Amino acid sequence: MKRSRTLLDKRRDYVINYLNCNQAKQMKVVVSELSDTLFLTERTIYTIINEGLSTEARA
């Protein structure tokens, strides 16, 4: 199923913002919470995080 670009951008922004707001927690806990909230696999969330961090590094 093909997803719209705006949906993917919103999802990426949500994950990165959630990660920034919950930096005090361990990464595994944050990923688990995101997985439960967004109904995504942990692998997908880690991919989003890695892509988000690499785009922030470029900016």
Side-chain angles (χ1 to χ4, degrees):
M1 180 164 87
K2 189 147 176 105
R3 301 206 187 277
S4 72
R5 191 66 174 142
T6 56
L7 178 64
L8 292 174
D9 290 341
K10 285 182 181 181
R11 184 173 72 181
R12 184 182 65 235
D13 292 341
Y14 179 84
V15 169
I16 297 300
N17 287 335
Y18 191 87
L19 183 67
N20 289 334
C21 292
N22 294 291
Q23 286 182 348
K25 296 181 183 178
Q26 290 187 356
M27 181 64 78
K28 185 171 180 114
V29 174
V30 172
V31 170
S32 176
E33 290 173 353
L34 283 169
S35 178
D36 292 341
T37 304
L38 299 175
F39 304 106
L40 298 173
T41 63
E42 291 183 3
R43 182 176 179 181
T44 302
I45 294 171
Y46 279 117
T47 302
I48 292 170
I49 292 170
N50 288 333
E51 288 174 355
L53 295 177
S54 67
T55 57
E56 286 180 1
R58 283 186 241 152

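Keep in mind it's a predicted model, so treat the numbers as computed, not measured.
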Query raised in the report: Who are the salt bridge (Lys or Arg N to Asp or Glu O under 4.0 Å) partners of Glu42, not counting sequence neighbours?
Result: none
**Report entry** ILVMFWY network linking Val31 to Val29, side-chain heavy atoms under 4.5 angstrom
**Finding:** no
Report task. Report the C-alpha distance between Leu40 and Leu34 in whole Å, list the side-chain angles of each, state the deciding distance to 0.1 Å, and finish with yes or no for side chain to side chain contact (heavy atoms under 4.5 Å, CB included). Result -> CA-CA 8 Å; Leu40 298 173; Leu34 283 169; over 6 Å; no
Query raised in the report: Yes or no on side chain to side chain contact (heavy atoms under 4.5 Å, CB included) for Thr37 and Tyr14, after CA distance, side-chain angles and deciding distance?
Result: CA-CA 11 Å; Thr37 304; Tyr14 179 84; 3.9 Å; yes
Requested in this report: I would like to know whether Gln23 and Leu19 meet side chain to side chain contact (heavy atoms under 4.5 Å, CB included); could you show each step before the answer?
Outcome: CA-CA 6 Å; Gln23 286 182 348; Leu19 183 67; 5.6 Å; no
Query raised in the report: What is the minimum heavy-atom distance between Lys28 and Tyr46, and which atoms define it?
Result: CA-OH, 4.3 Å
Query raised in the report: Is the shortest distance from a Lys or Arg side-chain nitrogen in Lys10 or Asp13 to a carboxylate oxygen in the other one below 4.0 Å?
Result: no
Query raised in the report: Nearest heavy-atom pair of Phe39 and Asp36: which atoms, and what distance?
Result: CE2-O, 3.9 Å
Query - CZ on Arg5 to CZ on Arg12, rounded to 0.5 Å - result: 6.5 Å
Query raised in the report: Does the pair Ile45 and Leu38 meet the rule for a side chain to side chain contact (heavy atoms under 4.5 Å, CB included), with working shown?
Result: CA-CA 9 Å; Ile45 294 171; Leu38 299 175; 5.5 Å; no
Report summary line: CG of Leu8 to CZ of Arg11, rounded to nearest 0.5 Å, is 5.5 Å
Requested in this report: Kindly say whether Thr41 contributes a backbone atom to a donor-acceptor pair with the side chain of Ser35 at under 3.5 angstrom?
Outcome: no
Requested in this report: For the residue pair Thr44 and Thr47, confirm or rule out a side-chain donor-acceptor distance under 3.5 Å.
Outcome: no
**Report entry** Nearest-0.5 Å distance that lies between atom NZ in Lys25 and atom OG in Ser32
**Finding:** 10.0 Å
